[in-house]
*Asks:* 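Please see the structure below; I have some questions.
Only this structure's heavy atoms are used, side chains among them; waters, hydrogens and symmetry mates stay out. Remember, predicted model here, so these are calculated numbers, not experimental data. Ligands are counted one by one from 1 in listed order, and the atoms in each one are counted from 1 as well.
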Amino acid sequence: MTHYKELGLVNSKELFQKAVKGGYAIPAFNFNNLEQLQAIIGACVETKSPVLLQVSSGARKYANQTLLKYLAKGAVDYAKELGYAIPIVLHLDHGDTLELCKSCVESGFSSVMIDGSHHPYDKNVEVTRQVVEYAHKHDVSVEGELGVLAGIEDEVSSAVTHYTKPEEVEDFVKKTGVDSLAISIGTSHGANKFKPEQCTRTAEGILVPPPLRFDILEEVEKRIPGFPIVLHGASSVPPELVRIINSNGGKLKDAVGIPEEQLRRAAASAVCKINIDSDGRLAMTAAIRKAFVDNPAEFDPRKYLGPARDQLKELYKHKIVNVLGSANRA
Ligand code: G3H
Ligand code: 13P
Ligand code: ZN
């Protein structure tokens, strides 16, 4: 057993309380490799933002849990070396079983998500409560989820959105003891969050999605005042990145995300953690595709992963400063 404190990590409890009171959200950026980690830590140190390093089941399989643990430990020292010891949480994204959550707690994670949202309500309560019971013994924070987001939620996928029912949240939080709650108000995972027929189109041909259900968020806030809320599926899918990808051989069609002004509004509410993965994927892919087209004779991976890392870092800084409001909160 490695406890997260041995790695220099923190859990999310205090960070979330401060974020709810301060009217900002902490970034939860997914990572699978060294370049993503360098970009995240570089961006968060430069902006003095706390951060959740988010690891999915897919990331564990891709990168290996032991390596990820030491990368997170390395991130703590790397931040200090860059000049500012930001608080770093190592978080399991969309954990689907008690066993997986236990394994992560035992290998140094300071926060886990148990996503029982695809289960019937009572089963979701049961599995979430079991995870909380185990995790809290080790001072590890737990995120639960009520309501289902459309798109891929790890290995579980849903074609349609099931909005969170505000009348369930109080009971869920009380029965499970979770520290934060992910809700479904119209965001979804991936780069195609809405079908074109759900959107309107601007004169320039840009798709404008329907607004998030802030009425549900407000109702949730009324029922559990000050309780930390989490927003998944919060990538904005910047049209400029999609354009660079497609003009360098990519084939992304009808990609559309959540407008930044809606995320700013969410960040100012009880939403204290905002999950962003797809925008990072787009930033890296845009830079790599461009580097391949611009320098076809180049075959040193550092020559295309380097620009990808730089573009990623700029994207993260933009999110922190202009969308989430978490700069200078570390
Ligand atoms: O919610 C899903 C995250 O974007 C992680 O995606 O399971 O492909 O690593 P992944
Ligand atoms: P995006 O696909 O919108 O980046 O959402 C990521 C996410 O919610 C990870 O849990
Ligand atoms: Zn998610």
*Asks:* Is N30 in polar range of ligand 2, meaning some N or O pair under 3.5 Å apart?
*Replies:* no
*Asks:* Mind checking whether I276 has an N or O less than 3.5 Å away from an N or O of ligand 2?
*Replies:* no
*Asks:* CG of L241 to CG of L252: how many Å apart, nearest 0.5 Å?
*Replies:* 10.0 Å
*Asks:* Does this structure show an ion pair linking K222 with E218, if we count only N-O contacts that are shorter than 4.0 Å?
*Replies:* no
*Asks:* Within ligand 2, which atoms have a heavy atom of H232 less than 4.0 Å away?
*Replies:* 8 (O), 10 (O)
*Asks:* To check your reading of the model: name the closest protein heavy atom to atom 10 (O) of ligand 2, its residue, and the distance in Å.
*Replies:* D93 OD2, 2.7 Å
*Asks:* Give a yes/no on ligand 2: does M113 have at least one heavy atom closer than 4.0 angstrom to it?
*Replies:* no
*Asks:* Which heavy atom in V140 sits nearest to a heavy atom in F109, and how many Å separate them?
*Replies:* CG2-O, 3.5 Å
*Asks:* Between K195 and D254, does any NZ, NE, NH1 or NH2 come within less than 4.0 Å of an OD or OE carboxylate oxygen?
*Replies:* no
*Asks:* Taking distance alone, with N or O pairs closer than 3.5 Å, would you say D279 contacts ligand 2?
*Replies:* no
*Asks:* Which residue supplies the protein heavy atom nearest to atom 7 (C) of ligand 2, what is that atom called, and how far is it?
*Replies:* H189 CD2, 3.4 Å
*Asks:* Among the N/O/S atoms of H94, select the one at the shortest distance from the Zn ion (ligand 3) and name it.
*Replies:* NE2
*Asks:* Can you list the atoms of ligand 1 that are under 4.0 Å from a heavy atom of H94?
*Replies:* 1 (O)
*Asks:* Test of geometry: compute the angle NE2(H189)-the Zn ion (ligand 3)-ND1(H232) and round it to 10°.
*Replies:* 130°
*Asks:* For A25 and I274, which heavy atoms make the closest approach, and how far apart are they?
*Replies:* CB-CG1, 3.7 Å
*Asks:* Quick one: does R281 get a heavy atom under 4.0 Å from ligand 1?
*Replies:* yes
*Asks:* Which atoms of ligand 2 are found less than 4.0 Å from any heavy atom of K193?
*Replies:* 1 (P), 2 (O), 3 (O)
*Asks:* Could you list which atoms of ligand 1 come closer than 4.0 Å to a heavy atom of D93?
*Replies:* 1 (O), 3 (C)
*Asks:* Pairs of nitrogen or oxygen atoms closer than 3.5 Å, one from N30 and one from ligand 1: do any exist?
*Replies:* no
*Asks:* Where do T164 and S184 come nearest, in terms of heavy atoms and distance?
*Replies:* OG1-N, 2.6 Å
*Asks:* Is ligand 2 under 4.0 Å from a heavy atom in the side chain of A191, in the backbone, in both, or in neither?
*Replies:* neither
*Asks:* Please work out whether the ring planes of H3 and H138 are parallel, tilted or perpendicular, with thresholds of 30° and 60°.
*Replies:* tilted
*Asks:* Considering D277, N275, D115, which one's heavy-atom position lies nearest to atom 5 (C) of ligand 1?
*Replies:* D277
*Asks:* Below 4.0 angstrom, N of the basic side chain to O of the carboxylate: do K102 and E106 qualify?
*Replies:* no
*Asks:* Quick one: are L231 and K273 in side-chain contact, heavy atoms under 4.5 Å?
*Replies:* no
*Asks:* According to a 4.5 Å side-chain heavy-atom criterion applied to Ile, Leu, Val, Met, Phe, Trp and Tyr, with indirect links allowed, do I88 and L68 form part of one hydrophobic cluster?
*Replies:* yes
*Asks:* Quick one: does E46's side chain have a donor or acceptor within less than 3.5 Å of a partner on A43's backbone?
*Replies:* no
*Asks:* OG1 of T200 to CG of L207: how many Å apart, nearest 0.5 Å?
*Replies:* 8.0 Å
*Asks:* Which protein heavy atom lies closest to atom 2 (O) of ligand 2, and at what distance to 0.1 Å?
*Replies:* S278 OG, 2.6 Å
*Asks:* Report the part of H232 (side chain from C-beta onward, or backbone N, CA, C, O) that has a heavy atom under 4.0 Å from ligand 1; answer both or neither where that applies.
*Replies:* neither
*Asks:* Which atoms from ligand 2 have a heavy atom of H94 less than 4.0 Å away?
*Replies:* 10 (O)
*Asks:* Who's the nearest protein heavy-atom neighbour of atom 8 (O) of ligand 2, and how far?
*Replies:* G233 N, 2.8 Å
